[in-house]
Amino acid sequence: MPQFVIERDMPGVGQLGPDDLKGASRGSCSVLRELGPEIQWVHSYVTDDKIYCIYRAPSEELIRRHAESAGFPANSIAEVRATIDPTTAE
């Protein structure tokens, strides 16, 4: 299944506490259950003013539907074409 990186502009998000992040995660998971097993949230990176999320889904359109239903921005969505790490150099 294709994998995507979603960039979410969310000023101040890095200042949220554990309870706020838990609530956001619960909201996202609730929408994921409604959309069905075709879309999967892998993990996210929270920075000062953005969240970068990794999702698996058959299409960018389904990612956008999730963002709209969950009330999260999806400022940029890019399909992952390859994954590299230090072992790629070997």
Side-chain angles (χ1 to χ4, degrees):
M1 184 176 318
Q3 190 160 274
F4 294 87
V5 176
I6 302 107
E7 181 178 12
R8 305 181 192 283
D9 290 337
M10 301 176 71
V13 71
Q15 303 302 314
L16 294 179
D19 289 339
D20 294 316
L21 294 173
K22 185 176 188 176
S25 295
R26 285 183 174 168
S28 178
C29 288
S30 176
V31 173
L32 289 169
R33 281 191 296 277
E34 291 174 15
L35 293 175
E38 287 188 319
I39 182 169
Q40 302 166 357
W41 175 24
V42 178
H43 59 263
S44 297
Y45 301 97
V46 179
T47 66
D48 288 339
D49 295 313
K50 295 183 182 199
I51 298 180
Y52 299 89
C53 302
I54 308 299
Y55 275 70
R56 292 187 187 109
S59 68
E60 182 178 325
E61 179 184 330
L62 189 54
I63 301 276
R64 289 201 183 279
R65 281 185 35 209
H66 171 267
E68 290 171 11
S69 296
F72 298 127
N75 302 91
S76 171
I77 300 172
E79 186 171 347
V80 175
R81 300 298 180 186
T83 302
I84 62 173
D85 61 31
T87 64
T88 306
E90 296 173 1

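These values consider heavy atoms only, across backbone and side chains, with no hydrogens, waters or symmetry-generated copies.
Here the OG-NZ distance, from Ser44 to Lys50, works out to 14.5 Å after rounding to the nearest 0.5 Å. Atom CD1 of residue Ile39 and atom CD of residue Glu34 lie 12.0 Å apart, to the nearest 0.5 angstrom.
When all heavy atoms of Gln3 and Arg56 are compared, the pair lying nearest together is OE1-NE, 3.2 Å. Annotation for Ala57 and Ile63: closest pair CB-CD1, 3.8 Å, computed over non-hydrogen atoms.
Contact annotation: the side chain of Asp9 approaches that of Glu7 to within less than 4.5 Å [non-hydrogen atoms, C-beta and beyond].
Under the 4.5 Å side-chain contact rule for hydrophobic residues, Trp41 and Val13 do not share a cluster. Cluster membership check: Val31 shares its hydrophobic cluster with Phe4, using side-chain heavy-atom separations under 4.5 Å among Ile, Leu, Val, Met, Phe, Trp and Tyr. The same ILVMFWY cluster, assembled from side-chain heavy atoms under 4.5 Å apart, contains both Ile6 and Leu32. Taking hydrophobic clusters as Ile, Leu, Val, Met, Phe, Trp and Tyr residues chained together by side-chain heavy-atom distances below 4.5 Å, Val80 shares a cluster with Ile54.
Note on residues 56-90: pairs passing ring pair (Phe, Tyr, Trp, His ring centres under 6.0 Å), not counting sequence neighbours, are Tyr55-His66. Listed by first and then second residue, the ring pair (Phe, Tyr, Trp, His ring centres under 6.0 Å) pairs involving residues 5-29 amount to none (not counting sequence neighbours). Within the structure, ring pair (Phe, Tyr, Trp, His ring centres under 6.0 Å) contacts touching residues 16-40 (residues at least two apart or in different chains) do not occur.
Checking side-chain atoms of Asp49 against main-chain N and O of Met10 turns up no donor-acceptor pair under 3.5 Å.
Counting non-hydrogen atoms of other residues, nucleotides and ligands closer than 6.0 Å to CD of Glu38 gives a total of 12 or fewer.
Take Asp85 and apply the side-chain hydrogen bond (donor to acceptor under 3.5 Å, both in side chains) test, not counting sequence neighbours, and it matches Thr87. The side-chain hydrogen bond (donor to acceptor under 3.5 Å, both in side chains) test applied to Glu60 returns Arg64, not counting sequence neighbours. Checked against side-chain contact (heavy atoms from CB on, under 4.5 Å), Arg33 has the following partners two or more places apart in sequence or in another chain: Cys29, Ser30.
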